[in-house]
There are 2 protein chains.
Amino acid sequence: MTEPNRKINLPPEKEIDRLASFFSIFGDSTRIRILLVLADGEFCVADIASILEMGVSAISHQLRILKQAQLVRSRRNGKNLFYSLADSHVHSIISQGVEHINE
Amino acid sequence: MTEPNRKINLPPEKEIDRLASFFSIFGDSTRIRILLVLADGEFCVADIASILEMGVSAISHQLRILKQAQLVRSRRNGKNLFYSLADSHVHSIISQGVEHINE
DNA sequence: TTAACAGTTGAACAATTGTTCAAATGATGG
DNA sequence: CCATCATTTGAACAATTGTTCAACTGTTAA
C-alpha cells in the first residue's frame with residue numbers, strides 16, 4: 001500500500017452493459033453486411049438473403065436483433081416486409097470503425 | 001424471377017471481418033470499463049484489477065486483446081507495466097455508442 | 001544467487017452466439 | 001375457404017467467448 005487508489009467515476013453498470021450490448025451488434029459480419037445492404041435502400045428479407053447468399057432464416061434472426069436495437073425498421077407491403085435503416089448513426093459508427101482499422 | 005437483383009457493392013469480405021472484430025472488442029463490458037479507467041490516466045494491471053474488483057489475470061487477458069487492437073499501449077516502469085489509451089478514436093467511438101443508446 | 005513481486009500464459013469450464021432445420025404464423029389472391 | 005408465398009420462431013448444434021486457476025516468465029532489490 002504505497003498510495004491510496006485514485007478515485008475513478010465509472011458510469012453505472014447498467015449503462016455499461018447496454019453500451020457493450022450495443023457494440024456487440026456491430027461485432028458480427030453478417031449484421032454489418034445487412035446494414036451495408038440497407039444503406040443502399042429498402043429490401044425484403046428474401047432479397048437480403050439472396051444478395052448475401054445466406055438462408056432466409058439466418059437473415060430473419062439477425063434482422064430481429066437489428067430491429068430490437070432500433071437500427072432497422074420494417075414496413076409491410078403485401079406479403080413482403082421491407083427493411084431499411086432506422087438510424088442516421090449507423091453510417092457514422094461504421095465509418096469510425098473503418099477509419100480506425102485503416103490507419 | 002420478376003426483377004434482376006439490384007447490384008450492391010459490399011466491401012471485400014476480409015475488410016468486413018476486420019470491422020466486425022474491431023467492434024466486438026467494444027462488445028464486452030470488462031473491456032469498456034478498462035478503457036474508461038484508462039481514459040483517466042495511466043494504470044498498472046494490478047490497479048485496474050483493484051478498481052474493477054476483478055482478478056489480475058482476467059484483466060491481463062483483456063489488456064492483451066485491447067493491445068492487439070492498438071487501443072492501448074504499455075510502458076514498463078520497474079516491475080510495473082503501465083497501460084494507457086493508444087488512440088484518440090476510443091473516446092469518440094464510445095461517445096457515439098452512448099449517444100445512440102440515450103435517444 | 002535468491003526471494004519477492006508483477007504480469008503473462010494456457011488449459012479448462014460454463015455461458016453465449018450464429019446458423020440450420022423444421023414447423024408455425026400471417027397475408028394474399030383465386 | 002384454400003393454397004401459396006414470405007417471414008418468423010424455437011430447438012439443436014457447433015463454435016466462440018470470458019473467467020478462473022495454476023504454472024510460468026521476467027524484473028527488482030538484497
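Naming: A, B, ... by sequence-line order, numbering from 1 per chain. Note that these values count all heavy atoms, side chains included, but never hydrogens, waters or copies made by symmetry.
- With hydrogens and angles ignored, no donor-acceptor pair closer than 3.5 Å exists between the side chain of T30(B) and the base of dT19(D).
- Looking only at distances, a side-chain donor or acceptor of S24(B) sits under 3.5 Å from a matching main-chain atom of A20(B).
- In this structure, the CG atom of L63(B) is 7 Å from the P atom of dT8(C), given to the nearest Å.
- Note on L81(B): it clusters hydrophobically with I59(B), by side-chain heavy-atom contacts below 4.5 Å among ILVMFWY residues.
- Projected onto DNA chain C by closest heavy-atom contact, K79(A) and G27(A) fall at different nucleotides, the more 5' of which corresponds to G27(A).
- When the C1' atom of dT19(C) is taken as reference, atom CD1 of I48(A) falls 17 Å away, rounded to whole Å.
- Contact annotation: Y83(A) side-chain N/O to dT8(D) OP1/OP2 distance is under 4.0 Å.
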Apply the test side chain to side chain contact (heavy atoms under 4.5 Å, CB included) to residues F22(B) and L71(B): give CA-CA distance (whole Å), side-chain angles for both, the deciding distance (0.1 Å), then the verdict.
CA-CA 10 Å; F22(B) 173 70; L71(B) 294 172; 4.1 Å; yes
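- Contact between the side-chain N/O atoms of Q62(B) and the OP1/OP2 oxygens of dT19(D) is found at a separation under 4.0 Å.
- The nearest whole Å value for the distance from the CD1 atom in I65(B) to the C1' atom in dT19(D) is 11 Å.
- Of the candidates dG10(D), dT8(C), dG18(C), dG10(D) carries the atom nearest the S57(A) side chain, counting heavy atoms from C-beta on.
- Rounding to whole angstrom units, NZ of residue K67(A) and P of dT7(D) are separated by 12 Å.
- Rounded to whole Å, the distance from CD on Q68(A) to P on dT17(C) is 12 Å.
- L35(A) and F82(A) sit in two unconnected hydrophobic clusters of ILVMFWY residues. Membership requires side-chain heavy atoms under 4.5 Å apart, directly or through other members.
- Atom CZ of R75(A) and atom P of dA6(D) are 16 Å apart (whole Å).
- Proximity of N80(B) to the phosphate of dG7(C): a side-chain N or O atom is located under 4.0 Å from OP1 or OP2.
- Taking five base pairs at each end of the helix from dT1(C)-dA30(D) to dG30(C)-dC1(D), the local helix axes there meet at an angle of 30°, rounded to 10°.
- A donor-acceptor distance shorter than 3.5 angstrom exists from the side chain of R76(A) to the backbone of G78(A), with no hydrogens or angles considered.
- Interface remark: the S24(B) side chain does not form any donor-acceptor pair with the dT17(D) base, using a distance-only criterion of under 3.5 Å.
- Of the side-chain N and O atoms in R76(B), none sit less than 4.0 angstrom from OP1 or OP2 of dG26(D).
- No engagement by F82(B) is indicated, since no non-hydrogen atom pair under 4.0 Å with the nucleic acid exists.
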Could you walk me through whether R33(B) and E13(A) pass the salt bridge (charged side-chain N to carboxylate O under 4.0 Å, His left out) check?
CA-CA 9 Å; R33(B) 275 157 48 200; E13(A) 181 188 323; over 6 Å; no
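- Note on A46(B): only backbone sugar-phosphate atoms sit closer than 4.0 angstrom, heavy atoms only; bases stay farther off.
- Atom-to-atom, CG of L81(B) to C1' of dG26(D) comes out at 10 Å; the value is rounded to the nearest Å.
- Checking side-chain atoms of S60(A) against main-chain N and O of V56(A) turns up no donor-acceptor pair under 3.5 Å.
- Contact check, R31(A) against dG18(C): a side-chain N or O comes under 4.0 Å of OP1 or OP2.
- Projected onto DNA chain C by closest heavy-atom contact, C44(B) and G78(A) fall at different nucleotides, the more 5' of which corresponds to C44(B).
- Taking atom CD1 on I34(B) and atom P on dG18(D), their separation rounds to 11 Å, with Å as the unit.
- L36(B) and M54(B) fall within the same hydrophobic cluster, defined by Ile, Leu, Val, Met, Phe, Trp and Tyr side-chain heavy atoms under 4.5 Å apart, directly or through other members.
- Put simply, the side chain of H61(A) and the base of dT7(D) share no donor and acceptor less than 3.5 Å apart.
- Note on V56(B): a base of the nucleic acid sits closer than 4.0 angstrom, heavy atoms only.
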